[in-house]
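Letters A, B, ... mirror the listed sequences (proteins, then strands); counts begin at 1.
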2 protein chains.
Amino acid sequence: MRMSTRGRYGARAMLDIALNYEKGPVSLRELAQRQELSIKYLEQLIQPLRTAGLIKSIRGAGGGYTLARLPDDINLLQIVQALENLTPVDCLNNPEACSRISKCATYDVWKEVQDSTRNILASLTLTDMVERQLQKLNEL
Amino acid sequence: MRMSTRGRYGARAMLDIALNYEKGPVSLRELAQRQELSIKYLEQLIQPLRTAGLIKSIRGAGGGYTLARLPDDINLLQIVQALENLTPVDCLNNPEACSRISKCATYDVWKEVQDSTRNILASLTLTDMVERQLQKLNEL
DNA sequence: TAGAATACCTAGTAGCATACTAGGATATCT
DNA sequence: AGATATCCTAGTATGCTACTAGGTATTCTA
């Protein structure tokens with residue numbers, strides 16, 4: 001039950017873009033610098049976020065990325081889901097993956113686990129995360 | 001956020017042993033047959049469960065495994081935790097893993113995710129799982 | 001006491017996913 | 001024109017997962 005760097009870096013990237021919402025588009029160069037991540041790797045993570053409709057890009061000099069919707073309309077589930085497989089067990093979303101489903105009690109249990117983790121992630125919006133971030137910086 | 005076969009097979013094994021609680025020890029051969037898993041792989045999964053104090057073994061002919069405690073005192077968190085790394089992100093349990101913790105708002109968020117998944121798993125006991133299993137078999 | 005049946009232990013290994021890097025094409029601003 | 005961006009495809013090392021193999025130790029039964 002581990003999260004990959006994709007989901008984590010993606011969340012950091014989205015938070016960064018949200019924090020700079022007012023200041024215009026955030027370029028990958030800035031983003032990579034602030035978040036101490038490689039541009040090339042970020043480049044790979046940012047594309048799925050774009051095709052998921054969470055950010056939009058502005059090409060050319062002075063370009064970068066901005067949120068495609070209000071921070072209130074973007075939650076962590078959407079972010080993570082765009083970047084990694086959130087299904088803990090294959091049989092949950094692919095009934096053919098296992099022939100034992102009908103008699104398997106653990107199936108129900110994993111379903112429950114999946115549902116509740118999704119609920120937690122979905123309950124956290126970018127607005128929440130921005131708030132937390134600002135509060136955290138104030139405490140330093 | 002995927003679960004490995006270790007945790008899943010381990011849960012199935014524990015449930016199987018619990019279902020046969022009255023009938024005496026369950027051998028790996030029976031277990032492997034019923035669960036359609038390889039003996040050799042099960043052998044590897046069963047050891048951590050034993051050292052975690054969830055089952056005890058009886059060696060020699062006629063031997064096998066039985067629960068080390070009452071099914072009510074064993075929950076899914078204990079089972080899964082014995083078999084795989086449940087920490088979604090390293091920094092949660094190892095502060096040196098990342099130097100950004102103090103200013104990282106996503107840290108708090110992952111912590112929340114971790115805590116709640118652990119709570120779900122901890123709330124499911126072997127007794128619950130046995131009940132579900134029996135009910136499911138009745139419905140067939 | 002032999003032998004069958006079991007658990008226990010250590011070492012391998014193929015395949016796959018992760019976490020990147022590289023190089024170039026395309027678009028836009030100044 | 002040139003600088004600064006995004007966009008796209010391919011490659012790759014490393015580590016983890018999901019096993020398999022082979023042998024040892026223990027205990028029951030005939």
Side-chain angles (χ1 to χ4, degrees), chain A residues 1-13 17 20 23-33 35-52 54-66 68 80 82-90 97-98, chain B residues 1-13 17 20 23-33 35-52 54-68 80 83-90 97-98:
Chain A
M1 288 289 274
R2 316 211 74 226
M3 278 207 36
S4 67
T5 54
R6 291 175 64 88
R8 288 185 278 144
Y9 294 178
R12 276 163 63 184
I17 294 168
N20 294 279
K23 300 179 200 153
V26 174
S27 74
L28 283 181
R29 194 168 43 77
E30 302 169 66
L31 194 50
Q33 231 162 27
Q35 296 295 326
E36 303 173 63
L37 299 172
S38 101
I39 294 190
K40 279 300 188 181
Y41 193 34
L42 267 178
E43 211 176 288
Q44 303 228 333
L45 308 187
I46 216 87
Q47 293 310 322
L49 294 172
R50 187 172 59 90
T51 53
L54 302 178
I55 51 176
K56 53 189 173 190
S57 66
I58 296 136
R59 299 187 68 167
Y65 299 90
T66 53
V80 173
L83 292 166
E84 63 182 78
N85 189 349
L86 260 182
T87 316
V89 181
D90 277 334
C98 177
Chain B
M1 288 290 273
R2 316 212 75 225
M3 276 207 37
S4 68
T5 55
R6 292 175 64 87
R8 288 185 279 142
Y9 293 178
R12 276 163 61 184
I17 294 169
N20 294 279
K23 301 179 200 153
V26 173
S27 73
L28 282 181
R29 193 169 43 80
E30 302 169 65
L31 195 49
Q33 232 163 25
Q35 296 297 325
E36 301 175 63
L37 300 172
S38 101
I39 294 191
K40 280 300 190 181
Y41 193 35
L42 266 179
E43 212 175 288
Q44 304 227 330
L45 308 187
I46 215 90
Q47 293 311 321
L49 293 172
R50 187 172 58 91
T51 53
L54 302 178
I55 50 176
K56 53 188 173 191
S57 66
I58 295 137
R59 300 187 68 169
Y65 299 90
T66 52
L67 298 183
V80 174
L83 291 165
E84 62 181 80
N85 188 349
L86 260 181
T87 317
V89 181
D90 277 335
C98 177

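- No engagement by A:Ile46 is indicated, since no non-hydrogen atom pair under 4.0 Å with the nucleic acid exists.
- Following rounding to the nearest Å, B:Tyr65 (OH) and C:dA5 (P) show an atom-to-atom distance of 17 Å.
- Checked against salt bridge (charged side-chain N to carboxylate O under 4.0 Å, His left out), A:Arg2 has the following partners two or more places apart in sequence or in another chain: B:Asp90.
- Listed by chain and residue number, A:Gln47 satisfy the side chain to side chain donor-acceptor pair (under 3.5 Å) test with A:Arg50 (two or more places apart in sequence, or in another chain).
- The nucleotide whose nearest atom lies closest to any side-chain atom of B:Gln47 is, among D:dA5, C:dC8, D:dC7, C:dC8.
- For the side chain to side chain donor-acceptor pair (under 3.5 Å) test, no residue two or more places apart in sequence or in another chain qualifies with B:Ser57.
- Regarding B:Glu43, its CD atom lies at a distance of 12 Å from the P atom of C:dT10, rounded to whole Å.
- Every salt bridge (charged side-chain N to carboxylate O under 4.0 Å, His left out) that A:Lys40 has, sequence neighbours left out, goes to A:Glu43.
- In this structure, CG of A:Leu42 is placed 10 Å from P of D:dT6, rounded to the nearest angstrom.
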All N/O contacts under 3.5 Å from nucleotides 28-30 of chain C to the protein, with atom names and distances to one decimal?
| residue | atom | partner | partner atom | Å |
| --- | --- | --- | --- | --- |
| C:dT28 | O2 | A:Ala61 | N | 3.3 |

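- Taking atom CG on A:Asn85 and atom P on C:dA19, their separation rounds to 13 Å, with Å as the unit.
- By the side chain to side chain donor-acceptor pair (under 3.5 Å) test, A:Arg8 is found to be paired with no residue, residues two or more places apart in sequence or in another chain being considered.
- At distances below 3.5 Å, at least one donor-acceptor pair connects side-chain atoms of A:Arg12 with backbone N or O atoms of A:Gln35.
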Taking only N/O atoms, report every protein-nucleotides 13-18 of chain D pair under 3.5 Å with atom names and distance.
| residue | atom | partner | partner atom | Å |
| --- | --- | --- | --- | --- |
| D:dA18 | OP1 | B:Thr5 | N | 3.4 |
| D:dA18 | OP2 | B:Thr5 | N | 3.0 |
| D:dA18 | OP2 | B:Thr5 | OG1 | 2.9 |
| D:dA18 | O5' | B:Thr5 | OG1 | 3.2 |

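- Following rounding to the nearest Å, A:Leu45 (CG) and D:dC8 (P) show an atom-to-atom distance of 15 Å.
- In this structure, the side chain to side chain donor-acceptor pair (under 3.5 Å) partners of A:Ser4, at least two apart in sequence or on a different chain, are A:Glu84.
- An OP1 or OP2 oxygen of C:dT6 is reached within less than 4.0 angstrom by no side-chain nitrogen or oxygen of B:Ser57.
- At whole-Å resolution of the value, CD1 in B:Ile55 and P in C:dT6 are 16 Å apart.
- Proximity of A:Arg50 to the phosphate of D:dC8: a side-chain N or O atom is located under 4.0 Å from OP1 or OP2.
- For A:Gln33, there are no side chain to side chain contact (heavy atoms under 4.5 Å, CB included) partners two or more places apart in sequence or in a different chain.
- In terms of modelled atom types and a separation under 3.5 Å, the side chain of A:Glu30 and the main chain of A:Ser27 share a donor-acceptor contact.
- For the pair B:Lys40 NZ and C:dG12 P, the interatomic distance rounds to 15 Å; values are reported in whole Å.
- With rounding to whole Å, A:Gln35 atom CD is found 17 Å from C:dA19 atom P.
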